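Following: one structure in structure tokens, then a few remarks.
Please read these numbers as outputs of a predicted model, since none were measured by experiment. Along the sequence shown, the residues carry numbers beginning at 1. Side chains are part of it too, since the values below use all heavy atoms of this structure and drop only hydrogens, waters and symmetry mates.
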Amino acid sequence: LVGGVLVEQCPTRSEVGTRLLVVSTQLSHCRTILRLFDDLSMFVYTKQYGLGAQEEDAFVRLVSVLGNLADQLYYPCEHVAWAADARVLHVDSSRWWTLSTALWALSLLLGVARSLWMLLKLRQRLRSPTAPFTSPLPRGKRRAMEAQMQSEALSLLSNLADLANAVHWLPRGVLWAGRFPPWLVGLMGTISSILSMYQAARA
């Protein structure tokens with residue numbers, strides 16, 4: 001974010017901005033390598049969730065299972081793309097990068113759909129008129145539902161920020177792919193990171 005702003009707005013500091021963008025690229029490459037070890041943990045999570053029998057809502061169960069499947073497929077596709085760039089495998093890396101990015105975008109879209117659905121359902125439960133001879137929601141349960149709504153809203157914003165970047169990294173011609181300047185890519189990533197850290201701190 002800072003490197004992109006310096007390159008875009010401050011020609012006198014463009015060298016510093018360029019160096020920061022180089023650091024950013026190397027950190028991104030580092031994260032790609034670290035994800036080589038994430039397949040097993042993702043598989044364990046996918047196996048534990050299974051077909052989502054613990055979910056009461058059928059739509060939430062469906063998008064969660066599909067999201068887990070997209071996430072599970074994402075890792076090996078990215079590994080092949082990385083190995084192709086490193087000349088470990090003799091394949092076209094661009095196709096594998098496109099496939100892995102598309103799977104990431106699909107997972108984010110499913111996450112957005114899930115959060116929107118949960119927000120709608122929770123809002124309906126909070127605002128629905130109380131039926132005759134039934135007591136209103138207990139204060140503790142209402143607060144828990146409001147906290148869940150806030151968590152879903154934060155997840156929605158985080159996923160939308162990541163989705164904006166995912167589309168940017170798809171091949172040109174797909175929506176706004178390739179049109180984001182570095183500072184905007186950094187801004188979207190910063191928003192997503194701050195929201196994720198805030199949620200982790202609350203948890």
Side-chain angles (χ1 to χ4, degrees), residues 31 34-35 37-79 98-170 174-177 187-203:
R31 293 178 64 199
L34 289 174
R35 282 195 293 269
F37 306 96
D38 285 350
D39 300 76
L40 183 58
S41 58
M42 184 65 220
F43 176 75
V44 171
Y45 175 80
T46 301
K47 184 179 179 181
Q48 287 176 345
Y49 188 85
L51 296 178
Q54 69 275 18
E55 299 285 0
E56 297 179 0
D57 191 287
F59 181 77
V60 172
R61 185 184 310 129
L62 175 63
V63 295
S64 297
V65 169
L66 291 176
N68 288 343
L69 179 61
D71 289 338
Q72 194 69 62
L73 293 173
Y74 164 84
Y75 290 103
C77 291
E78 186 187 53
H79 300 342
T98 298
L99 181 57
S100 64
T101 304
L103 287 168
W104 180 36
L106 174 60
S107 174
L108 292 168
L109 272 174
L110 292 169
V112 167
R114 182 191 182 283
S115 292
L116 285 173
W117 180 259
M118 288 298 298
L119 284 170
L120 178 63
K121 299 291 286 186
L122 289 167
R123 186 177 180 183
Q124 287 177 345
R125 290 178 63 186
L126 282 174
R127 296 192 174 184
S128 60
T130 305
F133 309 111
T134 59
S135 58
L137 286 172
R139 182 178 299 179
K141 188 172 183 179
R142 174 175 288 273
R143 287 182 176 176
M145 291 173 64
E146 290 173 347
Q148 187 179 358
M149 285 184 68
Q150 185 180 9
S151 177
E152 293 291 348
L154 293 175
S155 295
L156 175 62
L157 293 175
S158 178
N159 284 336
L160 286 174
D162 283 334
L163 181 61
N165 275 345
V167 173
H168 164 73
W169 283 315
L170 287 172
V174 181
L175 299 175
W176 58 86
L187 178 62
M188 292 296 103
T190 301
I191 290 172
S192 173
S193 297
I194 290 174
L195 291 174
S196 298
M197 288 189 290
Y198 175 72
Q199 286 182 287
R202 289 185 62 201

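Between the OG atom of S151 and the CG atom of L156 there is a distance of 11.0 Å, given to the nearest 0.5 Å. The structure places NE2 of H79 at 3.5 Å from CG of D39, a figure rounded to the nearest 0.5 Å.
The only option from L62, N159, V63 that meets the side-chain contact (heavy atoms from CB on, under 4.5 Å) definition with L110 turns out to be V63.
Open room surrounds CG on L51; 12 or fewer heavy atoms of other groups in view lie less than 6.0 Å from it. The environment of CZ in F59 is crowded: more than 12 heavy-atom neighbours from other residues, nucleotides or ligands sit within 6.0 Å. In the displayed structure, E56 atom CD is contacted under 6.0 Å by at most 12 heavy atoms of other residues, nucleotides or ligands.
There is a side-chain donor-acceptor pair under 3.5 Å between Y49 and E55. T46 and N68 share no donor-acceptor pair across their side chains, judged by distance under 3.5 Å alone.
A parallel orientation is assigned to the rings of W169 and W104, their planes being inclined by less than 30° (bins at 30° and 60°).
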Show your working on side chain to side chain contact (heavy atoms under 4.5 Å, CB included) between D57 and W117 and close with a plain yes or no.
CA-CA 10 Å; D57 191 287; W117 180 259; 3.0 Å; yes
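When all heavy atoms of A70 and L106 are compared, the closest pair comes out as CB-CD2, 4.2 Å. Listed here is the closest heavy atom pair of A164 and M188: CB-SD, 4.0 Å.
Residues R202 and L154 have side chains in contact (heavy-atom distance under 4.5 Å, counting atoms from C-beta outward).
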